[in-house]
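Down below is the structure, laid out as structure tokens.
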Amino acid sequence: MLRVGDKAACMACRNLVSTNMGQRATLPPCHGCPCGPPKPPPGSGGRGHQQQRNFWAIRLAARLLKLRYILLGSAVGGGYTAKKTYEEWKDMLPDFSEYNWVIPDFVWELSNQIDLDKLTKALPEIEEIVKLLPDFDKIGENFSFLKSLLSSGVSLGSEVKGASGLHLLLETTGDPPLKATDSSAAAKQDASDKQYKKGLLGELILIQQQIQQHEEEVQRAAAANIACPPPPEPAPSPPPKPSPPQQKRKPSDKEKFDQLQEELLRTQLKYQRMLERLEKENKELRKVVLQKDDKGIHQRKVKKSLIDLYSEVLDILSDYDANYNTQDHLPRVVVVGDQSAGKTSVLEMIAQARIFPRGSGEMMTRSPVKVTLSEGPHHVAMFKDSGREFDLTKEEDLAALRHEIELRMRKSVKAGQTVSCETISLSVKGPGIQRMVLVDLPGVISTVTAGMAADTKDTIFSISRAYMQNPNAIILCIQDGSVDAERSIVTDLVSQMDPQGKRTIFVLTKVDLAEKNLASPNRIQQIVEGKLFPMKALGYFAVVTGKGSSGESIDSIKDYEEDFFQNSRLLKDGMLKAHQVTTKNLSLAVSDCFWKMVRESVEQQADVFKASRFNLETEWKNNYPRLRELDRNELFEKAKNEILDEVISLSQVTPQHWEAILQKKMWERVSTHVIENIYLPAAQTMDSGTFNTTVDIKLKQWTDKQLPYKALEVAWETLQEEFARFMAEYKGKDQDDIFDKLKEAVKDESIKRHKWNERAMDSLRVIQHNALEDRSITDKPQWDAAIMFMEETLHSRLKDTDSVIRDMVGPGWTQRWMNWTSRTPDQHVRNETKNELERLLKLHDEHTAYLANDEVTTVRKNLEARSVEVDPVLIKDTWHQLYRRHFLQKALSHCNLCKRGFYYYQRHFVDSELECNDVVLFWRIQRMLVITGNTLRQQLTNTEVRRLEKNVKEVLEDFGEDQEKKTHLITGRRVQLAEDLKKVREIQEKLEAFIEALHKEK
């Protein structure tokens, strides 16, 4: 009976194993059964040996079954962990919905026409994703370590922060291990889902618990088989020696933890590379779409980006002279730091291009540079006041851009100064660039060196304070990590402007040099945790901006930075967090902070400018109710049109008017020379032959040397006077006096630039010479005209001479009696001398033009006899005027006689006592004036008026481009009020447009 019971017990063990394992297998002997192993029946031969081999097969199957579950659990857990980690990395990506403006509307409308196959090919292959999965072999090596921790019931908590801020918190609460149950597959799935929520290490714990569950099932099956008596087995062979790997020392807990942490970092870097590759492919797709839109496939106006709208507002505010206490409190990122701290390099890494001039230890940033960063299909840069685009992918354009920035900086610096407060505005666009506005300021210095202005240090401090005192400005404080922190100057300045650190981001540069030079790396940890400086900040970052070579490219610097932090102990030992390193993470953080500040403050600034606009409009209505609100540029355009109209009016002057003016002015200019140097000397001759010879010689000399120059001077002065006359006559009831200063400046500058055509002088000389050589008077009207011209000239000269004599001798008897005046002693002497000389002329009517010395002595002695002391020079001077009057009176008498002398002229005065050679002289002069006037008129109307009009246009264009000139020439409170009103309106409108676009983006 015992034997039957034992057999039943063994059979129960076998059935239990088959039921629990769900498969057919040979189990080892049931040592728990009292019957022991079954014995072979007699006569069976080698049957006992066969049973022993079956027991070894059962043991081997159990080991293989355990290994299979380990591999299965590792594969399932690792795959799910990779998927979950990828999803968490995907969730931490920035929201690309704000870039929807980049893709034109027609892309969305024609989405059905997009070739999805091409997009599918652009995605990574499955094999590449599989390569990014964790190393399951190394994870399996750590199962025993996790098992030891879990079995002891010790709570394990560890927090790992990745570059994206990913938190993986794992805890074991000490609960008993999972027991084998006969529940359904759905219940097991629910339990598994709860365990999946624990994160990466939670998945590993779940796999270990499943392995333990299967081991317990195998043990229970083996225990059930003990009830059956096992067959006899031979003596056990000695246990095998442990293999060489088993003889190695087991790794410690710390080493296991370090291995896990390194594995996690490698996994994060793999995912980061994959995300970067996807971002790059996305940029290429966007670039293609924008390029197609730029080519005009679909003609439409591309809207300005959000950052471009905001940058335009800042550009206007930089030129706006704030009144009514209106200040610029709009956010921007202010980059400050000590000289050579690397702030320009950080800015270049954010802009993804080497755009700034570089020097070795010398000051390169001499003025603030406002850089507007935005996303675009092409990597280009452009200045605010220039239309040229610099291709940042070409080295020659980069060099030209750096040279242009350096020239603008040096041009903005005034004489005797080192730095300037004038802002240089630059925009940079490119794929993947974070949108923000940064202002690079000159580096803060502690000592003024040779070659610098004495106030350079104070000027840099004042510029930095002016930008940082804006309560909405984000301060990007750059600190050189390769030098002692105690030598920093900028941290104290920043802590003064932002004591609470609510808008400051601290950046530690040159971390590679700091790690190499510092004896204690914990000092770097103290800096990035804000424990070393009294300055507070929103965040702390550590970056590497290259090896110090100016020839490094941005891509090489990025690779160097990534390799450094991947191998640096600062990150492995937990001194730096993954999200605190690399310039990419810095740019993301600065951009987020910038836009947060913009959204919080822009509407308040819009309300401030709205109130300022109301105040300006009220002042205009009260002071200038009937005038349009024209700013300086609009007033200049109005004045420009008026001046051009006045210049055009010169072409409408009639030829008769031009010739009359030119002849009159020409005679006024040369009449003195003709009378004094030609007519009077020739008239002193005794016969007509000598008279004509003297006249011809003097006219020839005059024509060769003086006459053409005098004629051109007269023509130029006439053009100026007519131009000024038209500008003066244009003034009427609608004329604005605010233009007077501008018109006068335009007239003077145009005349100054105008030069008469020199070739016209040679042709004019020939014309004048031919006109003066002609002596043939063809008809009586020409003779009469010459006599009239001669009479007018002689009467005019006689009148002038009488006026001179009256001034010399003083008032006459009638004037003295009527006006109660008297003569001066000098006039009395002059009057006595005049009376004496008049008696001489009466005695000698044909006297020559000059007094002889004995005649002078006689006159002086006669005056002395009447007690009048007189100087010989005074006698000669008085004689000159008296003889001139005497000669003119005689010439007028002779002119009256020649009125009927045309008949004798035709006969060449043969057999006639009347000679009218002086009339012929005046006819020659008159004809020369007429011909010269006609020639100059033609040159004026055909050439010089047009050239003057061209000069006026050039002057107006130059003045229009010179803002300082316009500010100097168009001034007044009315102009300034209109300027402020226009700018405030423009600022308010652009702010409202920006706010509307900002709300749409939300």
Side-chain angles (χ1 to χ4, degrees), residues 630-666 668-669 708-764 932-972 974-975 979:
L630 300 179
D631 61 4
R632 184 172 283 108
N633 292 330
E634 293 171 339
L635 289 172
F636 179 81
E637 291 299 325
K638 183 179 179 181
K640 178 180 178 181
N641 294 332
E642 291 184 4
I643 294 172
L644 292 178
D645 291 340
E646 294 162 5
V647 175
I648 293 175
S649 300
L650 285 174
S651 60
Q652 300 176 359
V653 178
T654 62
Q656 295 79 7
H657 181 74
W658 278 119
E659 292 181 6
I661 296 175
L662 289 170
Q663 292 177 22
K664 180 181 178 181
K665 289 187 173 294
M666 185 69 183
E668 290 176 355
R669 183 65 60 86
Y709 296 98
K710 296 290 183 181
L712 293 182
E713 289 178 1
V714 168
W716 180 224
E717 291 177 1
T718 303
L719 182 60
Q720 296 180 37
E721 292 177 2
E722 288 298 303
F723 181 39
R725 180 177 66 85
F726 274 99
M727 295 183 69
E729 291 179 354
Y730 195 83
K731 292 183 178 180
K733 62 179 181 179
D734 296 333
Q735 176 66 23
D736 201 337
D737 295 337
I738 204 170
F739 300 148
D740 292 346
K741 194 173 181 180
L742 173 62
K743 289 184 176 181
E744 189 67 23
V746 171
K747 183 191 71 173
D748 295 341
E749 184 65 22
S750 301
I751 293 173
K752 181 180 179 181
R753 294 186 183 184
H754 187 83
K755 292 182 179 179
W756 203 275
N757 189 1
E758 296 180 356
R759 292 180 298 176
M761 185 179 298
D762 298 333
S763 60
L764 182 62
T932 302
N934 182 270
T935 304
L936 294 177
R937 187 266 307 168
Q938 292 180 10
Q939 186 174 358
L940 283 173
T941 56
N942 296 335
T943 305
E944 303 304 329
V945 171
R946 295 179 182 178
R947 292 180 60 203
L948 178 62
E949 182 178 354
K950 181 181 178 181
N951 290 339
V952 171
K953 290 181 179 179
E954 292 177 355
V955 171
L956 288 172
E957 290 178 359
D958 293 343
F959 284 6
E961 296 175 357
D962 192 347
Q963 191 63 34
E964 294 182 359
K965 199 78 172 180
K966 289 193 292 186
T967 304
H968 174 69
L969 297 176
I970 305 177
T971 58
R974 167 187 157 194
V975 181
E979 283 282 307

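Just so it is clear, the values below take in all heavy atoms, side chains as well, and ignore hydrogens, waters and symmetry mates.
- In this structure, CG on L936 lies 11.0 Å from CG on L719, to the nearest 0.5 angstrom.
- Ion pairing between E957 and K953 fails under the 4.0 Å rule for side-chain N and carboxylate O.
- A salt bridge links R947 with E944: the distance from a Lys NZ or Arg NE/NH1/NH2 to an Asp or Glu carboxylate oxygen falls below 4.0 Å.
- Atoms CG and CG, from N951 and L956 in turn, are 11.0 Å apart once rounded to the nearest 0.5 Å.
- Of the possible donor and acceptor atoms, none in the side chain of E717 sits under 3.5 Å from a partner among the backbone N and O of V714.
- Proximity of a side-chain donor or acceptor of E979 to a complementary backbone N or O of R632 within less than 3.5 Å is detected.
- A salt bridge between E949 and R946 is absent, with no side-chain N of the basic residue lying under 4.0 Å from a carboxylate O of the acidic one.
- Scanning all heavy atoms of the two residues, the minimum distance from H657 to I661 falls at NE2-CD1, 2.7 Å.
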**Request:** Determine, step by step, whether E744 and K747 satisfy the salt bridge (Lys or Arg N to Asp or Glu O under 4.0 Å) criterion, reporting the C-alpha distance in whole Å, the side-chain angles of both residues, the deciding distance to 0.1 Å, and the verdict.
**Result:** CA-CA 5 Å; E744 189 67 23; K747 183 191 71 173; 3.3 Å; yes
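- By the 4.5 Å heavy-atom criterion applied to side chains, W716 and I751 are counted as neighbours.
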**Request:** Take Q720 and H754 through the side-chain hydrogen bond (donor to acceptor under 3.5 Å, both in side chains) test and state the conclusion after the steps.
**Result:** CA-CA 10 Å; Q720 296 180 37; H754 187 83; over 6 Å; no
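- Smallest separation of non-hydrogen atoms from I738 and T971: CD1-O, 3.6 Å.
- Between V647 and V945, every side-chain heavy-atom pair lies at or beyond the 4.5 Å cut-off.
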**Request:** For side chain to side chain contact (heavy atoms under 4.5 Å, CB included), just list the numbers for F636 and L969, CA-CA rounded to whole Å, side-chain angles, deciding distance to a tenth of an Å, and then say yes or no.
**Result:** CA-CA 9 Å; F636 179 81; L969 297 176; over 6 Å; no
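- Side-chain contact between M666 and Q663: absent, with no pair of heavy atoms (C-beta onward) separated by less than 4.5 Å.
- Each of K640, K965, K966, R753 was scored for a salt bridge (Lys or Arg N to Asp or Glu O under 4.0 Å) with D958, with one residue passing: R753.
- In this structure, N633 and E637 have side chains that are not in contact, with every pair of non-hydrogen atoms separated by 4.5 Å or more.
- A 6.0 Å sphere centred on NZ of K664 holds no more than 12 heavy atoms belonging to other residues, nucleotides or ligands.
- Between L662 and T932 the shortest side-chain heavy-atom distance does not fall below 4.5 Å.
- In this structure, E668 places its CD atom where more than 12 heavy-atom neighbours from other residues, nucleotides or ligands lie under 6.0 Å away.
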**Request:** Go through the steps for R725 and E722 under the test salt bridge (Lys or Arg N to Asp or Glu O under 4.0 Å), then give the verdict.
**Result:** CA-CA 5 Å; R725 180 177 66 85; E722 288 298 303; 2.5 Å; yes
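- Between the CD atom in E642 and the CG atom in L742 there is a gap of 10.0 Å [rounded to 0.5 Å].
- Listed for the N942 side chain is a donor-acceptor partner under 3.5 Å among the backbone atoms of Q938.
- The environment of H968 atom NE2 is sparse: at most 12 non-hydrogen atoms of other residues, nucleotides or ligands sit within 6.0 angstrom.
- Two residues are said to be in side-chain contact when any heavy atoms from C-beta on lie closer than 4.5 Å; V653 and L940 fail this criterion.
- Of all heavy-atom pairs between E659 and G933, the closest is CG-O, 4.0 Å.
- Within the model, atoms NZ of K710 and CG of L764 stand 14.0 Å from one another, a figure rounded to the nearest 0.5 Å.
- Listed here is the closest heavy atom pair of S750 and V955: OG-CG2, 3.7 Å.
- Taking both residues in full, the closest heavy atoms of L635 and F739 are given as O-CE2, 3.4 Å, listed atom of the first, atom of the second, then distance.
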